[in-house]
Amino acid sequence: MRRAVVLLVLGGLALAMYVVGVVMMVATPGVNEIPTPGFGVVGGVVAMFGTLCVFVTGFVMMATEQD
C-alpha cells in the first residue's frame, strides 16, 4: 500500500511539473526568439525536471518490486 501511495505521489508530481512547465512556455510570447524570455526558460526547466521525475518514478517502481 505504501508503495502505491509513493508511486502515485511521484507520478502526480511529475505530471503537474510537466504541465505547468509546458503551459509556462506556451503562454510566454517570443519563447522561440533569441534571447529567450526568462519566464519561458523557467518553464522549460520545470518541464525538464518533470520529465526527470518520470524516470525517478520508474526507478522507484523497479527497485521496490517484489521478487
Side-chain angles (χ1 to χ4, degrees):
M1 182 66 178
R2 282 184 279 166
R3 177 181 185 252
V5 170
V6 169
L7 291 175
L8 216 70
V9 167
L10 283 174
L13 181 66
L15 181 64
M17 286 175 66
Y18 186 75
V19 168
V20 167
V22 169
V23 167
M24 285 174 69
M25 285 189 296
V26 169
T28 304
V31 78
N32 289 334
E33 298 173 1
I34 304 276
T36 307
F39 197 69
V41 172
V42 171
V45 170
V46 169
M48 178 190 66
F49 279 113
T51 304
L52 183 65
C53 194
V54 170
F55 289 108
V56 170
T57 304
F59 284 127
V60 169
M61 189 171 62
M62 289 283 112
T64 59
E65 196 161 298
Q66 296 177 1
D67 294 329

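- Connection of Leu13 to Tyr18 is not established within any shared hydrophobic cluster, with ILVMFWY side chains joined at heavy-atom distances below 4.5 Å, either directly or through further cluster members.
- Considering only residues two or more places apart in sequence or on other chains, Val42 meets the side chain to side chain contact (heavy atoms under 4.5 Å, CB included) condition with Met24, Val46.
- Every side chain to side chain contact (heavy atoms under 4.5 Å, CB included) that Val54 has, sequence neighbours left out, goes to Ala14.
- Tracing side-chain contacts under 4.5 Å through hydrophobic residues (I, L, V, M, F, W, Y), one reaches Val56 starting from Val6; they form part of the same cluster.
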Would you mind writing out the side-chain donor-acceptor pairs for residues 57-64 within the sub-3.5 Å range, not counting sequence neighbours?
unit_1 : atom_1 : unit_2 : atom_2 : d
Thr57  : OG1    : Cys53  : O      : 2.8
Thr64  : OG1    : Arg3   : NE     : 2.8
Thr64  : OG1    : Val60  : O      : 2.8

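- Using a 4.5 Å cut-off between side-chain heavy atoms of Ile, Leu, Val, Met, Phe, Trp and Tyr, with links allowed through other members, Val20 and Met17 fall into the same hydrophobic cluster.
- Under a hydrophobic-cluster definition in which Ile, Leu, Val, Met, Phe, Trp and Tyr are linked whenever side-chain heavy atoms come within less than 4.5 Å, directly or via other members, Leu52 and Leu7 are assigned to different clusters.
- A donor-acceptor pair is defined here as one N or O able to donate and one able to accept, closer than 3.5 Å; such a pair exists between the side chain of Thr51 and the backbone of Ala47.
- Hydrophobic cluster membership differs between Met48 and Val23, with clusters built from Ile, Leu, Val, Met, Phe, Trp and Tyr side chains linked at under 4.5 angstrom.
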